[in-house]
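Reviewing the structure listed below.
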Amino acid sequence: MVTADEPAHPAPAGLAHGRLGAGSAALFGVAAAAPIATVVTVIPQALAAGAGPLVALSVVAVAVFLFIFGTSYAAMIRRRPSAGATYPQVARGLGRPAALTAGWLALTGYHAIQFGLYAVLGQAAAPLLDNWFGVSAPWWAVAAGCWAVVAFCGTLRIEFAAGVLGLLAVAEVAVLIGLAGAFVLRPAGGRIEAGTYLVTGPARWDRPLLGLLLAVAVLAFAGFETTAGYAEESRDPGRTTGRAARAAVLLIALLLAGVSWSLIVAAGPREVAGRAAAHGPELLFVLADERMVGWAVTLARLTLLTGLLAAVLALHQAIVRYLFAFGRERVLPGVLGRVSRRTGAPRAASLTQSLIAGAALTGAYLAGADASARTARWLVVGGGLAILVLLLLTALAALLHLNRVPEGEGVWTRFAAPLLSTVALGVLCWLAGRHLAVLLVVPAGSPWVTVVFGGLAACLVAGLAHALVLRTARPVLYAGIGLGGAALVVTPKVAHPSGNPWSWDTPPASSSAAGGPPASSSAAGGAAADPPAAGESPKIPEQRTPGAHRPERIHGEVNG
């Protein structure tokens, strides 16, 4: 018999509480999305395709959808703040197998994006190393140096890690705003033309192109949802990270839409496609070099490097909190749920993630892999698609749970917002899947398209298989999925030699031996059996098999 008041074992030390504000959590989300990497690598390709002002408009449209999603997302966080972010939300709305699937999608997606950013780091550092020191460092050396920094920061107190990441993120935002301001102050031809913000000609509204732009835009936001993982460490667990998620969406939208429009202003609406096609990722720096002094351009290149480093660090922290949530519930080895008693940081999970990343980078080096922009694109797009599917599951879970167990939310928060976000994210998932070959920049029949879809299917199979194994072998652990390690009351099944489960002949020795109340107090219902009538023996309900119940029916305060 295990009760919440008298646990069988001492409760482990938890994450440090009250150390993050909404601003720090929002910067974690902005850094994970790496807006400067999107500006350098993605937006020039869209402009080269002739999208023009549609780039900024698609970013704004996706931001509106995600802001609506943030309403129900914040409501789910308020009900149960957890380091598992979307994992417990999906558990409450769609069930335990779906929750494990969501967890594997998150781990796979964030790892893929992180490895893609490691590949880009070498290219971002190459011009700086050549300009400052006249050396050409291989990609793996730059990646190894950044890995060491991330591994060290991952074990620090969360407020110290937030300070480092916040400094890098603020510098990234400031440089992007400064570049956009310089472009707008010195537009091409001396004036800002209407073609920079108006789509001229109905032929420009090409539906396949618009669908592709929407898919690109939503992938560019991947990472904002990681703010929920810091709920347990925030000053107001029920509200801080929900507000931070919406603030991150707003800031990312302003940066991406504003900078993409400023690039059109600087290059000119008629010349921007040609210049973007000619310069590619160098477009931002070429336009800056035409308007700014040399040290400012060098600062922009340095900010690209530090922005990528901030993104890797933010993704590391997000992965660590998923691993911690899994370890705390013993869905994965329990050692992952341990924290440092001095700093409150999930050190075991952080070191595990660092070892995984280090092993992957070492394997890529030994295999002779080339950290090209093409490889990085495949990894980032594949990981972003996994996160997009994760957001769809989260929106659907919010729609079901908020209406199945209402707690005072209005119609907009409880029904309209999750319904609209579910439909919008479903459409965006379909668009991303339809244009996946174009997003990967591969032919339609390329095996890489199959690899990405196969990876998503593998996450589904892994989640369902994981759930089946736990339900069969560890039913009590299975019952606690999504509860954040909360203690459950599980009454062992009492044997009845007489064959009559309602007989009082067999004393509840198993319950008394465990130190709990007699079996006449039903743990499944929370109430004692009805007193027997005159001339009848006392009766108790038949006990259920541990894990065959829904824990939230035992403790309503645990799971809403």
Side-chain angles (χ1 to χ4, degrees), residues 4 7 11-12 14-20 22 25 29 69-103 106 158 225-246 318 320-331 337 339 346 390-391 393-410 413-414 417-418 421 476-489 549-560:
L15 294 173
H17 301 292
R19 294 186 176 180
L20 288 181
F69 165 81
T71 301
S72 56
Y73 194 48
M76 293 292 284
I77 295 173
R78 281 196 300 271
R79 293 200 175 192
R80 184 165 186 81
S82 173
T86 60
Y87 162 67
Q89 298 184 24
V90 176
R92 301 171 78 185
L94 299 178
R96 301 176 183 89
L100 292 176
T101 300
I158 185 60
E225 73 290 339
T226 59
T227 58
Y230 308 99
E232 297 181 32
E233 299 159 282
S234 62
R235 298 191 181 99
D236 186 354
R239 300 181 183 275
T240 296
T241 52
R243 295 170 179 170
R246 287 174 285 185
V320 163
R321 274 143 188 82
Y322 271 97
L323 292 175
F324 169 80
F326 278 177
R328 179 172 57 183
E329 297 179 2
R330 299 189 180 276
V331 171
V339 300
L390 175 65
L391 295 181
L393 292 177
T394 306
L396 183 58
L399 175 64
L400 296 177
H401 180 72
L402 293 176
N403 289 277
R404 187 168 56 217
V405 190
E407 290 187 3
E409 293 90 357
T413 301
R414 177 171 50 86
S421 57
V476 175
L477 294 183
Y478 178 78
I481 288 176
L483 299 185
L488 302 178
V489 176
H549 57 279
R550 291 181 61 88
E552 60 268 24
R553 295 179 181 174
I554 298 176
H555 288 301
E557 73 277 6
V558 171
N559 205 30

Task: Any residue meeting side-chain hydrogen bond (donor to acceptor under 3.5 Å, both in side chains) with Y87, in chain and number order, not counting sequence neighbours - done: E329
Open item on the list: Return the CE to CZ distance between M76 and R92, rounded to the nearest 0.5 Å.
Closed with: 5.5 Å
pair [X]-[Y]: side-chain heavy atoms closer than 4.5 Å:
{"X": "F69", "Y": "T394", "answer": "yes"}
{"X": "Y230", "Y": "P81", "answer": "no"}
{"X": "I158", "Y": "L20", "answer": "yes"}
{"X": "L100", "Y": "I481", "answer": "yes"}

Residue pair [X] / [Y]: nearest heavy atoms and the distance that separates them:
{"X": "P237", "Y": "T241", "value": "O-OG1, 4.3 Å"}
{"X": "E225", "Y": "Y73", "value": "O-OH, 2.8 Å"}
{"X": "A417", "Y": "T71", "value": "CB-CB, 4.1 Å"}
{"X": "E407", "Y": "R79", "value": "N-NH2, 3.1 Å"}
{"X": "V320", "Y": "P346", "value": "CG1-CG, 3.4 Å"}
{"X": "A102", "Y": "V90", "value": "CB-CG2, 3.9 Å"}

Task: Side-chain donor/acceptor of R330 to backbone N/O of L477, under 3.5 Å - done: no
Task: With sequence neighbours excluded, residues passing ring pair (Phe, Tyr, Trp, His ring centres under 6.0 Å) with Y322 - done: none
Task: Partners passing salt bridge (Lys or Arg N to Asp or Glu O under 4.0 Å) against E232 (at least two apart in sequence or in another chain) - done: R328
Task: Test salt bridge (Lys or Arg N to Asp or Glu O under 4.0 Å) applied to R19 - qualifying residues, sequence neighbours left out - done: E159
Taking only residues two or more places apart in sequence or in another chain, which ones pass side chain to side chain contact (heavy atoms under 4.5 Å, CB included) with [X]?
{"X": "R239", "answer": "R78, D236, R243"}
{"X": "S72", "answer": "A398, L402, P418, S421"}
{"X": "T101", "answer": "L105, L460, L464"}

- [ ] Please lay out, stage by stage, how I77 and Q89 fare under the test side-chain contact (heavy atoms from CB on, under 4.5 Å).
- [x] CA-CA 8 Å; I77 295 173; Q89 298 184 24; 3.5 Å; yes
